[in-house]
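A short write-up of the structure that comes next.
So you know, we letter chains A, B, ... as the sequences are listed, proteins then strands, and number each from 1. Everything quoted here is computed from the prediction, not taken from an experiment. We use all heavy atoms of the structure for the numbers below, so side chains are in, but hydrogens, waters and symmetry mates are not.
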Amino acid sequence: MRRVLQRPFFDRPTLVVAEELIGKFLVRERDGVVTPYMLTEVEAYDGPKDKASHAFRGRTPRNAVMFGPAGVLYVYFCYGMHHMLNVTTGPEEYPAAVLIRGVQGVVGRGRLTKALGITRELDRLPATKANALWFEDRGVMPSRAIRRTGRIGVAYAGPLWSKRRYRFVWKD
DNA sequence: ACGATGATGAAC
DNA sequence: TTCATCATCGTA
């Protein structure tokens, strides 16, 4: 079984998409080489009231893609040296996305994008076509023991938002 | 614990 | 046009 995840998968509540992405595969094609990576760590950024989300202060040129349709890549540059990879979720006009924090063998968002060669060239590209970067269901059963924790690196948003268990990690 | 390093967005 | 901030990481 090998199925490219389509818009209906992403066009659901962000927390549902985030949890279900664990155990799915992020597939990267570079120079004709296709490499699958099983997703092990993600975070949800959910709606205009989420103080930790880029969308909290409304639509800007950078975050506009979060307000668009689901299943689109959102890649941005942070701390002057790291690229962050997200995929948009939920209906149009509702700003939400899932941050990809780790895959099997590569932990950490900055490291992940560096290892897979992900830059803003991929920003705003659809994640639903088998081209450059996409997601697949390869039939791996999601672990029943997915761990849920607060999100990392968002203390500035205050305890209410940083402690919400919007982070999903494969049980290992 | 802290510096690197630059895009971003808000203020002026 | 400035300026503080930042969904981080490596070194100490």
In the 5'-to-3' direction, what one-character label does each nucleotide of nucleotides 4-12 of chain B receive under the scheme B = base within less than 4.0 Å of a protein heavy atom, S = sugar-phosphate only, - = no such atom?
-> BBBSSSS--

Within the structure, does a side-chain N or O atom of A:Y166 lie under 4.0 Å from either OP1 or OP2 of C:dA7?
-> no

Sorted by chain and residue number, the salt bridge (charged side-chain N to carboxylate O under 4.0 Å, His left out) partners of A:D137 (sequence neighbours excluded) come out as A:R3

Verify, without hydrogens or angle tests, whether A:R28 (side chain) and A:G117 (backbone) share a donor-acceptor contact under 3.5 angstrom.
-> yes

Would you kindly give the CG-to-P distance between A:N86 and C:dA7, to the nearest whole Å?
-> 11 Å

When rounded to whole Å, the CZ to P distance for the pair A:R151 and C:dT8 reads 11 Å

A:R111 side chain near C:dG10 phosphate (N/O to OP1/OP2, under 4.0 Å) = yes

What's the NZ-P distance between A:K114 and C:dA7, to the nearest Å?
-> 21 Å

Would you say the side-chain atoms of A:R164 pair up with the backbone N or O of A:W161, donor to acceptor, closer than 3.5 Å?
-> no

Lys/Arg N to Asp/Glu carboxylate O, A:R151 vs A:E43, below 4.0 Å = no

Strand partner of C:dT11, provided both Watson-Crick or wobble distances fall under 3.5 Å | B:dA1

On a whole-Å scale, what distance lies between the P atoms belonging to B:dG3 and C:dA4?
-> 16 Å

Ring centroid separation A:F10 to A:F135 under 6.0 Å | yes

Please examine the side chains of A:Y74 and A:H54, heavy atoms only from C-beta on, and report whether any two atoms are closer than 4.5 Å.
-> yes

